[in-house]
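Below is one structure, written out as structure tokens, with a few remarks after it.
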Amino acid sequence: VQLVESGGGLVQAGGSLRLSCAASGSIFSINVMDWYRQAPGKQRELVATITSGGRTNYADSAKGRFTISRDNAKNTGYLQMNSLKPEDTAVYYCHAVLMQIVGGAQKGYSYWGQGTQVTVSS
């Protein structure tokens with residue numbers, strides 16, 4: 001079971017990127033999914049969260065510019081980032097609680113993606 005991210009890259013200020021996070025392996029469903037980021041010399045920070053029911057929450061820095069979404073049929077989550085700024089430059093990490101069947105019961109396990117670099121030039 002793993003989370004695989006894609007979609008990072010280099011973009012000019014004002015541009016857009018869409019990050020994807022695909023869960024693979026023997027999972028029943030995705031519970032909550034988050035996107036975090038970590039800039040050089042800074043702590044990892046929460047950017048956005050989406051629950052199994054589709055409820056979303058954003059860091060103040062992401063509100064109005066970023067949109068988190070998910071496709072349950074594909075076991076994939078997304079982070080659409082618009083109006084990017086140089087201060088958005090960071091490694092972006094996907095995190096999810098994946099539900100697996102263990103001993104006949106559903107249990108949730110926390111997983112992290114490998115990270116994808118987002119660089120915004122001024």
Side-chain angles (χ1 to χ4, degrees):
V1 177
Q2 60 179 346
L3 296 175
V4 178
E5 302 165 17
S6 60
L10 173 64
V11 65
Q12 288 189 331
S16 299
L17 284 174
R18 190 175 83 152
L19 306 183
S20 298
C21 176
S24 63
S26 182
I27 65 170
F28 183 76
S29 65
I30 299 176
N31 194 334
V32 65
M33 177 175 281
D34 314 290
W35 286 93
Y36 286 76
R37 67 185 183 187
Q38 187 167 20
K42 294 188 176 182
Q43 289 188 327
R44 190 172 297 189
E45 62 174 354
L46 178 62
V47 176
T49 299
I50 186 166
T51 67
S52 57
R55 187 173 299 177
T56 60
N57 194 43
Y58 298 91
D60 287 343
S61 59
K63 287 179 182 176
R65 300 187 300 126
F66 293 3
T67 302
I68 189 172
S69 62
R70 58 193 287 165
D71 184 335
N72 293 329
K74 295 182 179 179
N75 285 332
T76 299
Y78 306 95
L79 185 68
Q80 176 68 43
M81 303 185 294
N82 299 328
S83 302
L84 282 162
K85 306 174 182 179
E87 51 263 43
D88 294 319
T89 295
V91 178
Y92 283 71
Y93 296 92
C94 172
H95 167 263
V97 174
L98 304 181
M99 305 305 292
Q100 298 173 253
I101 304 298
V102 179
Q106 285 190 46
K107 294 187 178 181
Y109 296 90
S110 176
Y111 290 89
W112 288 89
Q114 79 283 5
T116 185
Q117 177 70 46
V118 171
T119 303
V120 184
S121 63
S122 57

Within a strict 4.5 Å, meaning less than it, do heavy atoms of the [X] and [Y] side chains meet?
X	Y	value
Q80	S69	no
Q100	V1	yes
C21	Y78	no
Y111	L98	yes
L3	W112	no
L79	F66	yes

query: Does the pair L19 and T116 meet the rule for a side-chain contact (heavy atoms from CB on, under 4.5 Å), with working shown?
result: CA-CA 8 Å; L19 306 183; T116 185; 4.0 Å; yes

query: For W35 and I68, what are the C-alpha separation, side-chain angles and deciding distance, and is it a side-chain contact (heavy atoms from CB on, under 4.5 Å)?
result: CA-CA 8 Å; W35 286 93; I68 189 172; 3.6 Å; yes

- prompt: Should D88 and K85 count as an ion pair when the cut-off is N to O under 4.0 Å?
  reply: no

Could you report the tightest heavy-atom contact between [X] and [Y], atom names first, then the distance?
X	Y	value
A90	Q117	O-NE2, 3.4 Å
S52	N72	O-ND2, 4.4 Å
V97	G108	CG1-CA, 3.9 Å
G8	V118	CA-CG2, 4.2 Å
A23	I30	CB-CD1, 4.0 Å
V4	Q114	CA-OE1, 3.8 Å

Return yes if some donor-acceptor pair links the side-chain N/O of [X] with the main-chain N/O of [Y] below 3.5 Å, else return no.
X	Y	answer
T76	K74	yes
S83	R65	no
Q106	I101	no

field: Identified side-chain hydrogen bond (donor to acceptor under 3.5 Å, both in side chains) counterpart of T49 within the set D34, N57, T56
entry: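 Going through the options one by one, the only one that passes is D34.
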
task: Evaluate side-chain contact (heavy atoms from CB on, under 4.5 Å) for S20 paired with E5, printing each intermediate quantity in order.
output: CA-CA 5 Å; S20 298; E5 302 165 17; over 6 Å; no

query: Can you get from M99 to Y109 by hopping between Ile, Leu, Val, Met, Phe, Trp and Tyr side chains that sit under 4.5 Å apart?
result: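 Not linked; separate clusters.
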
message: Does R37 qualify as a cation-pi partner of Y92, given the criterion of NZ or CZ under 6.0 Å from the six-membered ring centre and within 45 degrees of its axis?
response: no

field: Face-on cation placement of R44 at Y93 ring, 6.0 Å and 45° thresholds
entry: yes

message: How long is the straight-line distance from CG of L17 back to CE of M81, given to the nearest 0.5 Å?
response: 5.0 Å

- prompt: Could you go step by step and tell me if Y36 and E45 meet the side-chain contact (heavy atoms from CB on, under 4.5 Å) rule?
  reply: CA-CA 5 Å; Y36 286 76; E45 62 174 354; 5.8 Å; no

